[in-house]
Amino acid sequence: MTERPTTLRFAVATFDTTSGLRDALQDLRREGLGDDAFNCLALDDVFAAAASLASLPAEARRMLRFPGNRRPISCTAGALAVRLAERADTGVSTLKAALGLWLIPRHAEQIQNAVEQGSIVLWVRLLESDD
């Protein structure tokens with residue numbers, strides 16, 4: 001019997017427009033992925049404005065408050081939101097620091113910068129290493 005690793009793996013993409021995000025979400029759904037297979041991460045006000053336009057999952061988004069980030073960040077419900085909320089609850093000061101637990105510093109900084117500049121970051125959970 002082969003055990004699956006407990007490490008979560010994601011593919012990550014950044015979108016500056018809701019139309020690009022909407023197209024990507026439609027493609028993922030056509031491929032058979034459910035809304036529980038992905039998370040979207042963005043500034044709360046960007047997220048609120050884009051939610052209906054991009055057909056984001058209907059479940060509530062989770063607001064993440066990192067004291068070192070000037071504006072609140074939100075994430076759709078799911079594995080990423082849970083892990084980021086755990087980091088925020090332990091007093092981590094920024095999104096970059098929270099992501100730094102799993103990512104190299106340069107990638108964590110790139111994602112934080114993308115979010116702060118108004119992009120929406122799509123995280124797709126990979127179940128198999130070939131995905």
**Prompt:** Can you find a pair of side-chain heavy atoms, one from L122 and one from L25, that are under 4.5 Å apart?
**Reply:** yes

**Asked** Hey, what do you get for CZ (R87) to OG1 (T94), rounding to the nearest 0.5 Å?
**Response** 9.5 Å

**Item:** From CD (E86) to CG (L101), nearest 0.5 Å
**Value:** 10.0 Å

**Item:** Counterpart residues, side-chain hydrogen bond (donor to acceptor under 3.5 Å, both in side chains), relative to T14 (two or more places apart)
**Value:** none

**Prompt:** Is there a side-chain contact between D27 and R30 (heavy atoms, below 4.5 Å)?
**Reply:** yes

**Request:** Determine the minimum heavy-atom distance between R65 and A88, stating which atoms define it.
**Result:** O-CB, 4.0 Å

**Request:** Answer yes or no: is there a side-chain heavy-atom contact under 4.5 Å between W123 and I111?
**Result:** yes

**Prompt:** Is V121 close to V115 at the side-chain level, that is, under 4.5 Å between some pair of heavy atoms?
**Reply:** yes

**Message:** Within the 3.5 Å criterion, strictly below it, is a donor on D16 or S119 matched to an acceptor on the partner's side chain?
**Reply:** yes

**Item:** Non-hydrogen atoms of W102 and A98 that approach each other most closely
**Value:** CZ3-O, 3.3 Å

**Request:** Hey, could you give me the CD1/CG distance between I73 and L95, rounded to the nearest 0.5 Å?
**Result:** 4.5 Å

**Item:** Close side-chain approach of N69 to Q112, heavy-atom, < 4.5 Å
**Value:** yes

**Complete:** Shortest non-hydrogen pair, C75 vs L64, comes out as CB-CD1, 4.1 Å

**Item:** Minimum heavy-atom distance between L84 and F66, given as atom pair plus value
**Value:** O-CZ, 3.9 Å

**Fill in**
One should read off an interatomic distance between Q110 CD and K96 NZ, to the nearest 0.5 angstrom, of 10.5 Å

Please tabulate, one pair per line, all N/O donor-acceptor pairs under 3.5 Å involving side-chain atoms of residues 37-48, not counting sequence neighbours.
residue : atom : partner : partner atom : Å
N39     : OD1  : L80     : N            : 3.4
N39     : ND2  : T76     : O            : 2.8
N39     : ND2  : A77     : O            : 3.2
D44     : OD1  : R61     : NE           : 3.1
D44     : OD1  : S74     : OG           : 2.4
D45     : OD1  : R71     : NH2          : 3.0
D45     : OD2  : R71     : NH2          : 2.6

**Message:** Quick check: closest heavy atoms across M63 and P72, and the distance to 0.1 Å?
**Reply:** SD-CB, 3.7 Å

